[in-house]
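Note sheet for the following structure.
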There are 2 protein chains.
Amino acid sequence: MSSTASSHPDTAKQAAILQQAIDVFAEQGFRNADVQVIADRAGVGKGTVYRYFGNKQDLFWAAALEVTQRMADHIWAATEPVDSPLEKIRAAAVAYYEFFDANPACLEICVLDRAEFRGSVPEPHQEYHDALIERFAAIFREGIQRGEIRPVDVNAAIVGLGGLLYGIAFQGCYDLAHRTTAEVGRVAIDTFLQGIRTNPAEPPTDRKEQKEQAE
Amino acid sequence: MSSTASSHPDTAKQAAILQQAIDVFAEQGFRNADVQVIADRAGVGKGTVYRYFGNKQDLFWAAALEVTQRMADHIWAATEPVDSPLEKIRAAAVAYYEFFDANPACLEICVLDRAEFRGSVPEPHQEYHDALIERFAAIFREGIQRGEIRPVDVNAAIVGLGGLLYGIAFQGCYDLAHRTTAEVGRVAIDTFLQGIRTNPAEPPTDRKEQKEQAE
DNA sequence: TGGCTTGGACGGACGCGTCCGTCCGGTGCC
DNA sequence: GGCACCGGACGGACGCGTCCGTCCAAGCCA
């Protein structure tokens, strides 16, 4: 209360509800989450929540879209200043873990999206997802052109990269051999870039970015 | 219905309930799943379900443990006849995707475990998980000894591999660039073994297992 | 016939979404 | 400039449907 100004009745309350929805859904899961609790924490009545978001499910979609946008923004901001495609990919991975380390609730929303709704997201999400794929595909293609990246199947590689990032983040709640998610993520992305196999041609003489992860 | 014999009152009914629990939980999610439906599908009364499994949550744990065991069995069966550590890892990955392609309900149980309970599994699960890690660590170590695998950080590599497998399986419900999960998984595991970076020393002349994924 | 398993009817808790009374800011009339 | 009217934003009480876990009556085997 004491919202003296009330210049825009909508925006402030809507944002408050959305943020609380992210937190409560993340804490409780979709079915367990009580809309009344979201309303209480946002400092509004339950009726107001339904006024702004229609129903519980639409509220969840709104929360999920918000999370997607925040994550994408963070990743793009991290990759843009980098020139090398290979390093762009590494930067994206680091940004990804940074984001979820800093916003664990956002990770849980992604998990719930997959678990509750089998990823059957409405169109806005799909558009964001497709845009993500396409921008990464462009990075991969340029990397291949520049000779930094092997001529791999770009789409499959992106799905693989996505799976790697996603999977490790998901597993963050389990015991990751006593490492933080970001730490494991850094090792994993190095593996993705370089592979685990010894090169059949040469003995392990190609230490180059191994220096920074020296155990 | 018509379970005239009832030779073993326990085992048969218990197994039926467990199987139906896996299916119904996978279809509906934990909170959405109605114990009555599980009982009906298993051909028993709800009271019998509670007699055997105590409560809904314990029933879910039992289902999750069953899934874990089935999956682990399948993977070990696939890796044992293989000699080369590197190929053992590849075989394990293939077996992983095979299993979840053939048993999608089992994948959903894993997703639910993570989503509903943050992976806060009871001890039996943890033991299985630890055993899995240890057996793979042994494979990695032998691979490194034999010179097939770069001297990577074994624990981190395993988490990375697990994340890769897990993540791609999870994403199977999204549009994987019009591929099946198994197909994408095969490409991804190749990437894990070899990396995407061109080797700084030699030009891309090392096609060796690229022949089988020729686009 | 007696003990034990089974199954489904039932009570009660819980939470979604609605609906109605309230309150506040803006507008027109005096 | 002050006052009364009005519309709509707001909040929370409530109704209703859903589903967990229990309990007791009926059946089955020894």
Side-chain angles (χ1 to χ4, degrees), chain A residues 1-64 109 112-113 115-117, chain B residues 1-64 109 112-113 115-117:
Chain A
M1 22 222 89
S2 82
S3 63
T4 48
S6 86
S7 52
H8 297 298
D10 301 0
T11 323
K13 280 194 179 170
Q14 194 162 346
I17 294 169
L18 208 50
Q19 181 56 53
Q20 295 308 320
I22 290 172
D23 291 344
V24 173
F25 281 135
E27 283 167 29
Q28 312 281 341
F30 177 74
R31 284 271 295 187
N32 269 322
D34 186 342
V35 175
Q36 184 69 63
V37 172
I38 295 172
D40 290 349
R41 287 213 211 167
V44 302
K46 194 161 68 162
T48 305
V49 173
Y50 279 93
R51 163 180 317 280
Y52 279 87
F53 293 96
N55 60 41
K56 195 185 184 185
Q57 178 139 334
D58 286 349
L59 176 59
F60 180 81
W61 290 138
I109 297 293
L112 287 179
D113 173 33
E116 282 278 338
F117 305 107
Chain B
M1 51 211 76
S2 79
S3 64
T4 49
S6 85
S7 52
H8 296 297
D10 301 0
T11 323
K13 279 193 180 173
Q14 195 163 347
I17 294 169
L18 209 49
Q19 182 56 53
Q20 295 307 321
I22 292 172
D23 291 344
V24 174
F25 281 135
E27 284 166 28
Q28 312 281 341
F30 178 74
R31 285 268 297 185
N32 270 322
D34 186 341
V35 175
Q36 185 67 61
V37 171
I38 295 172
D40 290 348
R41 287 213 210 167
V44 302
K46 195 161 68 165
T48 307
V49 173
Y50 279 93
R51 159 176 306 280
Y52 279 86
F53 293 97
N55 59 42
K56 195 185 184 185
Q57 178 139 333
D58 285 349
L59 175 58
F60 180 81
W61 290 138
I109 297 294
L112 287 179
D113 173 33
E116 283 277 339
F117 305 107

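In what follows, every chain begins at residue 1, and chains take the letters A, B, ... in the order their sequences are listed.
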Return the value, rounded to whole Å, for the distance between atom [atom1] of [X] and atom [atom2] of [N].
X       : N      : atom1 : atom2 : answer
B/Ile38 : C/dG7  : CD1   : C1'   : 16 Å
A/Arg51 : D/dG12 : CZ    : P     : 14 Å
B/Phe30 : D/dC19 : CZ    : C1'   : 12 Å
A/Gln36 : C/dT18 : CD    : P     : 15 Å
B/Tyr52 : C/dC4  : OH    : C1'   : 12 Å
B/Phe25 : D/dC20 : CZ    : C1'   : 12 Å
A/Tyr50 : D/dC14 : OH    : P     : 18 Å
B/Asp34 : D/dG21 : CG    : C1'   : 12 Å

Within-4.5 Å side-chain heavy-atom neighbours: A/Asp34 and A/Gln28:
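SC-SC contact between A/Asp34 and A/Gln28 ruled out.
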
Less than 4.5 Å apart, side chain to side chain, heavy atoms only: is that true for A/Tyr52 and A/Leu18?
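Sidechains of A/Leu18 and A/Tyr52: no contact.
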
What is the nucleic acid contact for A/Ala42, judged by heavy atoms within less than 4.0 Å: base, sugar-phosphate only, or nothing?
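No contact.
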
Any idea how B/Phe117 and B/Trp61 line up, ring-wise: parallel (<30°), tilted (30 to 60°), or perpendicular (>60°)?
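Tilted: the ring planes of B/Phe117 and B/Trp61 meet at 30° to 60°.
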
Nearest to the side chain of B/Arg31 - D/dC10, C/dT5, C/dG15?
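Of the options given, the side chain of B/Arg31 lies nearest C/dG15.
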
Of the candidate nucleotides C/dC16, D/dC20, C/dT6, which contains the atom at the shortest distance from the side chain of A/Lys56?
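So the side chain of A/Lys56 is nearest to C/dC16.
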
Identify, between A/Asn32 and A/Gly54, the residue whose nearest nucleotide on DNA chain C lies closer to the 5' end.
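Comparing both residues, the 5'-ward one is A/Asn32.
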
Base C/dG17 paired with A/Lys46 side chain (donor-acceptor, <3.5 Å):
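Side chain to base: pair present.
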
Would you say C/dT6 has OP1 or OP2 under 4.0 Å from some side-chain N or O of B/Thr48?
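No, because none of the side-chain N or O atoms of B/Thr48 sits under 4.0 Å from OP1 or OP2 of C/dT6.
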
First locate atom CD of B/Glu116, then atom CG of A/Leu112, and finally report the distance between them rounded to the nearest 0.5 Å.
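These two atoms lie 8.0 Å from each other.
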
Is there a donor-acceptor contact under 3.5 Å from the side chain of B/Lys56 to the main chain of B/Phe30?
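Here the side-chain-to-backbone pair exists.
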
